Amino acid sequence: MLAKISSRGKRFVHRSLPVRGNAATVSLFWRRDFSGKSSYDYREMLRNGLSDIRLDDAVDLFSEMVKCRPFPSIIEFSKLLSSIAKMKKFDVVISLGEQMQDLGISHNLFTYSILINCFCRRSQISLALALLGKMMKLGYEPDIVTLSSLLNGFCHGKRISEAVALVDQMVEMGFQPNTVTFTTLIHGLFLHNKASEAVALVERMALKDLVTYGAVVNGLCKRGDIDLTLSLLKKMEKGKIEPNVIIYNTVIDGLCKYKHVNDARNLFNEMENKGIRPDVVTYSSLISCLCNYGRWSDASRLLSDMIEKKINPDVVTFSALIDAFVKEGKLLEAEKLYKKMIKRSIDPDIVTYNSLINGFCMQDRLDEAKQMFEFMVSKDCFPNVVTYNTLIKGFCKAKRVEEGMELFREMSQRRLVSNTVTYNTLIRGLFQAGDCDMAQELFKEMVSDGVPPNLMTYNFLLDGLCNNGKLEKALVVFGYMQKSKMELNIFTYSIMIEGMCKAGKVGDGWDLFCSLSLKGVKSDVIAYNTMISGLCSKRLLQKADALLKKMKEDGPLPDSGTYNMLIRAHLRDGDKAASSELIREMRSCEFTGDASTIGLVANMLHDGRLDKSFLEMLS
DNA sequence: CTAGGGTTAG
């Protein structure tokens, strides 16, 4: 393959990207760091390391460097390009690399490797290959780093077979694949759902290192392949490869996430018996999982246990606990833990603050949520998109969508990038506030900003249009969705069925409902209730009863809402016998009459249409 | 000076 590549040397040419940074930032920058020194002092910057450099400053530095005569050495350029690549600004690196080329600054193995990596990370593998070819023509032999970059490109593109072939070829070329090579390939195999190939690979590997095993164990756990994971663990032990604490942590976490909490506890004991000391990650992971299953006392026992054993809980441990309590609505407990962590001199971080803000929002205590927001900023902990999404959701829920929109505008001022969740939250909020125009405007903005709408976005759009009396428009969107590659779910259909029924088009709703099985979509209790409600509204009670029968035979179990709806419909229809039969059935399922049923019965008692015995049947 | 990313929280 590489022989083929070398004959393909294309010119390394791309459109230049606008160079960021303006005169003001340049002069500030130089005043700050180089007052009174010549521009040649880029050397000093490079010596001091570029790990904390900002993108604008890095680009400015590049402009200074290319002004120098003679040009700085290629090593200095490679340091700079590398620092920008670490910021994941691959397009900028490519643009600067091209400018170097145009200025006659020749690349070397390292800068070529950086650029090849950047093309790969931008999923432009053919350009990476072309550059590799060019580099080889110039006499630079790719090394294991260059080839591993390419491997990563194949793994992340849809070219996993080429990735596997590349590793074979690397071996033929005399390279000994290392941990990086293997973890990259394993990652790629899992990305392409080739779990068993990954296991086979690690088993026939000459190099038996724990990191590579860790990558496989992690991949298996993430997919929930618990049996494969445990058998791999056994095989490791047989092969005298003793799993370390990280491997155990991975498996314990995987077991927890897939609901095998007791197995996780057992494995925890097993590692202790083998003399492998659990660490803060082991505990945090177990604690977080126990919380998620509502096992509070077990979780707090583990917390005391780790403190006793001098394994200090850290910000992750506390954040996990705080978040779990918040989600349970136990904000007081969460605040207690927050105070406890401060007492232990553990600094809360953005995740901790986000959870607490969420806790306040969940209880509609928005002022306190905002105070917490201000407080984190005052502590130099800067809000991220999750912080804003949480707050926006809180404001929308409290019907203060205007303020949600203000927060949204504030995000761009802070240079935070809104994501799909941001837009979804606001679109829903705007529709709920009845502001259809703004909601649709925002949807357009989302698309034009390149934020990908997902199924939830479209469902909110349909729901909002239907609930605001715009069924026709919803039907247009629905039509588009059906033609697209999106896989519509039962929510989508329920929304449309409800929209049709509420607009009086129960027949259309019925047709859609009946088409679900053909589409391979299983109706849930919401879909049935929606349809039953529609039929009741048109007094098609026989059909509604038939649907209840169908639910009992082969559908989702009817809930309290199903029965109450049908009971009311039959009462309104004057059919006491049918109603009392349904009430008996409902009571046998341990459901009771809901507020509107009781209200209706009370009214009918009042005007004499029913007698007292009816009310007694209900409660 | 170049590559990947085996463990926990939103």
Side-chain angles (χ1 to χ4, degrees), chain A residues 46 49-50 72-83 85-86 93 107-118 120-121 135 140 142-153 155-156 163 177-188 190 202 209-222 243-254 256-257 278-289 291-292 313-324 326-327 348-359 383-390 421:
Chain A
L46 290 166
L50 296 173
S73 76
I74 188 70
I75 293 177
E76 280 153 330
F77 279 107
S78 70
K79 281 183 183 169
L80 182 64
L81 293 189
S82 157
S83 76
K86 289 212 170 83
V93 177
H107 290 288
N108 69 358
L109 174 64
F110 296 129
T111 53
Y112 273 122
S113 289
I114 294 169
L115 289 163
I116 287 168
N117 184 38
C118 289
C120 287
R121 299 291 294 260
M135 175 186 119
Y140 293 108
D143 65 5
I144 188 141
V145 174
T146 326
L147 296 176
S148 294
S149 293
L150 206 57
L151 178 67
N152 192 36
C155 285
H156 280 89
N178 58 19
T179 304
V180 175
T181 327
F182 282 124
T183 51
T184 306
L185 182 59
I186 285 165
H187 198 74
F190 278 110
V202 78
D209 74 319
L210 282 177
V211 175
T212 310
Y213 271 97
V216 178
V217 168
N218 185 44
L220 291 174
C221 285
K222 289 268 148 70
N244 61 6
V245 61
I246 295 182
I247 305 262
Y248 274 107
N249 287 349
T250 310
V251 180
I252 286 173
D253 191 66
C256 284
K257 294 255 158 76
D279 62 10
V280 61
V281 176
T282 328
Y283 276 100
S284 298
S285 191
L286 267 173
I287 286 172
S288 143
C289 290
C291 286
N292 288 337
D314 63 8
V315 60
V316 176
T317 324
F318 275 103
S319 295
L321 278 162
I322 288 172
D323 192 66
V326 159
K327 284 194 175 135
D349 67 6
I350 188 151
V351 177
T352 328
Y353 289 121
N354 285 349
S355 292
L356 289 168
I357 289 173
N358 187 33
N384 60 12
V385 62
V386 177
T387 322
Y388 273 96
N389 287 348
T390 308
V421 178

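All values reported here derive from a predicted model rather than from experimental measurement. Chain letters run A, B, ... following the sequence lines, proteins first and then strands; every chain starts at 1. Just so you know, these numbers use all the heavy atoms, side chains as well, and skip hydrogens, waters and symmetry mates.
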Nucleotide [N], atom [atom2] - distance to [atom1] of [X] in whole Å:
{"X": "A:R121", "N": "B:dA3", "atom1": "CZ", "atom2": "P", "answer": "9 Å"}
{"X": "A:L321", "N": "B:dG10", "atom1": "CG", "atom2": "P", "answer": "12 Å"}
{"X": "A:L286", "N": "B:dA9", "atom1": "CG", "atom2": "P", "answer": "12 Å"}
{"X": "A:F190", "N": "B:dG5", "atom1": "CZ", "atom2": "P", "answer": "14 Å"}
{"X": "A:L147", "N": "B:dG4", "atom1": "CG", "atom2": "P", "answer": "14 Å"}
{"X": "A:L220", "N": "B:dT7", "atom1": "CG", "atom2": "P", "answer": "13 Å"}
{"X": "A:K257", "N": "B:dT7", "atom1": "NZ", "atom2": "C1'", "answer": "10 Å"}
{"X": "A:I287", "N": "B:dA9", "atom1": "CD1", "atom2": "P", "answer": "12 Å"}

Backbone N or O of A:I247 within a donor-acceptor pair of the A:N244 side chain at under 3.5 Å? yes

What does [X] touch in the nucleic acid at a heavy-atom separation under 4.0 angstrom: a base, only the sugar-phosphate, or nothing?
{"X": "A:I247", "answer": "base"}
{"X": "A:L210", "answer": "base"}
{"X": "A:T317", "answer": "nothing"}
{"X": "A:D143", "answer": "base"}
{"X": "A:T183", "answer": "base"}
{"X": "A:V217", "answer": "nothing"}
{"X": "A:N354", "answer": "base"}
{"X": "A:N358", "answer": "nothing"}
{"X": "A:I75", "answer": "base"}

[X] side chain N/O closer than 4.0 Å to the phosphate oxygens (OP1, OP2) of [N]?
{"X": "A:H187", "N": "B:dG6", "answer": "yes"}
{"X": "A:K222", "N": "B:dG6", "answer": "no"}
{"X": "A:S355", "N": "B:dG10", "answer": "no"}
{"X": "A:N249", "N": "B:dT8", "answer": "no"}

Nearest listed nucleotide, side chain of [X], among [options]:
{"X": "A:S113", "options": "B:dT2, B:dT8, B:dT7", "result": "B:dT2"}
{"X": "A:K79", "options": "B:dC1, B:dA3, B:dT8", "result": "B:dC1"}
{"X": "A:N384", "options": "B:dG10, B:dA9, B:dG4", "result": "B:dG10"}

Working note: A:N384 + A:T387, criterion side chain to side chain donor-acceptor pair (under 3.5 Å); need CA distance, chi angles, decisive distance, verdict. CA-CA 5 Å; A:N384 60 12; A:T387 322; 2.9 Å; yes

In this structure, which one of A:V217, A:V180, A:T179 forms a side-chain contact (heavy atoms from CB on, under 4.5 Å) with A:T212?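 Among A:V217, A:V180, A:T179, the one meeting side-chain contact (heavy atoms from CB on, under 4.5 Å) with A:T212 is A:T179.
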
Tell me yes or no: between the side chains of [X] and [Y], is some donor less than 3.5 Å from an acceptor?
{"X": "A:S319", "Y": "A:T352", "value": "yes"}
{"X": "A:N358", "Y": "A:S355", "value": "no"}
{"X": "A:T181", "Y": "A:N178", "value": "yes"}

